Amino acid sequence: MVEKVLVVDDEPSIVTLLRFNLEKAGYSVITAEDGKTGLDMAMAEKPDLIILDLMLPGMDGMDVCKTLRQEKIKTPILMLTAKDDEFDKVLGLELGADDYLTKPFSPREVIARVKAILRRTNMNEISDDVAKDEVIEIGELTIFPEKYEAVLSGTKLDLTPKEFELLLYLANNQGKVLSRHQLLDAVWNYDFAGDSRIVDVHISHLREKIEADTKQPAYIKTIRGFGYKLEKP
């Protein structure tokens, strides 16, 4: 089955470049020139991946991403930004984007990112690391892999897809010290040129949602100079 990619960008040259290279790589491509149309197409066409520009007329990429995640649509999103701005990158990831690229970019890099994201998504769907009906319990934290849900002390946690995947990977490796590089490779399936800030941002937001005291975390412990581990309080 041919995987479908939705490209949302208002620059015709970018759309043409992406369409040509994605189709050459074997993907089916649909396009939108503004955020509202892109949002409607994402919901109606159910693409396998969305390449979403940050700066769009009308509804911008951040709002499109936020709305999709609020609607529980888990389609992976590759965010494009013309700004080399750390705030934009971090905010996009916080809202549920899976990856980002700064313009200008090479077609080869786009295809590599698309393949990595889709490979990770497909592996998550067929992974048998945890049985689909198995529930993970760690202290007051309960994780339901099949439902993509986590509950703390009886209250459902409001997690982005990426936060849930990170939490699930930590839980599957309970008690093990995991480096930032291991987490990048396992959860994002991409090296990110060693950009460990992505992991740190998501760990920080996970702690805000599951820890009673983020300065003295009971579940997610920092192993200074190396990474993190999840353990029972």
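As the structure is a prediction and not an experimental result, all values here were calculated from the model.
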Distance from [X] atom [atom1] to [Y] atom [atom2], nearest 0.5 Å?
{"X": "Glu109", "Y": "Arg113", "atom1": "CD", "atom2": "CZ", "answer": "4.5 Å"}
{"X": "Leu230", "Y": "Ile136", "atom1": "CG", "atom2": "CD1", "answer": "9.5 Å"}
{"X": "Ile203", "Y": "Leu166", "atom1": "CD1", "atom2": "CG", "answer": "4.5 Å"}
{"X": "Arg19", "Y": "Ile30", "atom1": "CZ", "atom2": "CD1", "answer": "9.5 Å"}
{"X": "Ile143", "Y": "Phe164", "atom1": "CD1", "atom2": "CZ", "answer": "6.5 Å"}
{"X": "Ile111", "Y": "Leu22", "atom1": "CD1", "atom2": "CG", "answer": "4.5 Å"}

Of all residues at least two apart in sequence or in a different chain, which pass the side chain to side chain donor-acceptor pair (under 3.5 Å) check with Glu149?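 Partners of Glu149 by the side chain to side chain donor-acceptor pair (under 3.5 Å) criterion, ordered by chain and then number, come out as Lys156.
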Tell me, with the steps shown, if Tyr27 and Lys115 meet side chain to side chain contact (heavy atoms under 4.5 Å, CB included). CA-CA 10 Å; Tyr27 299 102; Lys115 287 181 177 179; 3.2 Å; yes
Considering all heavy atoms of both residues, which atom of [X] and which atom of [Y] are nearest to each other, and what is their separation?
{"X": "Gly61", "Y": "Leu56", "value": "N-CD1, 4.1 Å"}
{"X": "Leu170", "Y": "Ile220", "value": "CD1-CD1, 4.3 Å"}
{"X": "Pro47", "Y": "Thr75", "value": "O-CG2, 3.3 Å"}
{"X": "Tyr219", "Y": "Ile138", "value": "CE2-O, 3.3 Å"}
{"X": "Pro233", "Y": "Gly139", "value": "CD-CA, 4.3 Å"}
{"X": "Gly175", "Y": "Lys229", "value": "O-CD, 3.9 Å"}

If you count heavy atoms of other groups shown closer than 6.0 angstrom to CD of Gln216, is the number above 12?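 At most 12 heavy atoms, drawn from other residues, nucleotides or ligands, come within 6.0 Å of this atom.
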Which residues end up grouped with Met1 if you chain together Ile, Leu, Val, Met, Phe, Trp and Tyr wherever their side-chain heavy atoms are less than 4.5 Å apart?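 Its cluster mates, by chain and number: none.
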Nonpolar side-chain network containing Val177, other nodes, edges under 4.5 Å: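 Cluster partners of Val177: Ile223, Phe226.
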Assess the residue pair Val64 and Ile77 against the criterion (side chain to side chain contact (heavy atoms under 4.5 Å, CB included)); give the C-alpha distance rounded to whole Å, side-chain angles, the decisive distance to 0.1 Å, and a yes or no. CA-CA 10 Å; Val64 173; Ile77 295 172; over 6 Å; no
Flag the pair [X] / [Y] as yes when at least one side-chain heavy-atom distance between them is below 4.5 Å, and no otherwise.
{"X": "Leu101", "Y": "Asp99", "value": "no"}
{"X": "Met62", "Y": "Leu54", "value": "yes"}
{"X": "Val110", "Y": "Leu17", "value": "no"}
{"X": "Leu18", "Y": "Val29", "value": "no"}
{"X": "Leu141", "Y": "Leu157", "value": "yes"}

For residues 62-82, pull every pair meeting salt bridge (charged side-chain N to carboxylate O under 4.0 Å, His left out), keeping only residues two or more places apart or in separate chains.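 The answer is Arg69-Asp98.
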Can you get from Phe105 to Ile117 by hopping between Ile, Leu, Val, Met, Phe, Trp and Tyr side chains that sit under 4.5 Å apart?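 Phe105 clusters together with Ile117.
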Donor-acceptor under 3.5 Å (Glu231 side chain, Lys221 main chain):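 Such a contact is absent between Glu231 side chain and Lys221 backbone.
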Taking Tyr169's backbone N and O only, do any of them form a donor-acceptor pair with Asn173's side chain (distance below 3.5 Å, no angle check)?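 Flag set: sc Asn173 to bb Tyr169 pair under 3.5 Å.
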Applying side chain to side chain contact (heavy atoms under 4.5 Å, CB included), run through Thr67 and Met59 and close with a yes or a no. CA-CA 10 Å; Thr67 302; Met59 188 179 198; 3.4 Å; yes
Side chain to side chain contact (heavy atoms under 4.5 Å, CB included) between Thr222 and Arg207, intermediate numbers included: CA-CA 11 Å; Thr222 300; Arg207 282 176 169 161; 2.7 Å; yes
Please output the side-chain donor-acceptor pairs of residues 2-10 that fall under 3.5 Å, not counting sequence neighbours, one pair per line with the distance.
from	atom 1	to	atom 2	distance (Å)
Glu3	OE2	Asn122	ND2	3.3
Lys4	NZ	Glu45	O	3.1
Lys4	NZ	Glu45	OE1	3.4
Asp9	OD1	Glu11	N	2.8
Asp9	OD2	Lys103	NZ	3.1

Under 3.5 Å donor-acceptor pairs involving side-chain atoms of residues 33-43, not counting sequence neighbours:
from	atom 1	to	atom 2	distance (Å)
Asp34	OD1	Lys36	N	3.2
Asp34	OD1	Thr37	N	2.9
Asp34	OD1	Thr37	OG1	3.0
Asp34	OD2	Thr37	OG1	3.0
Lys36	NZ	Asp40	OD1	3.1
Lys36	NZ	Asp40	OD2	2.9

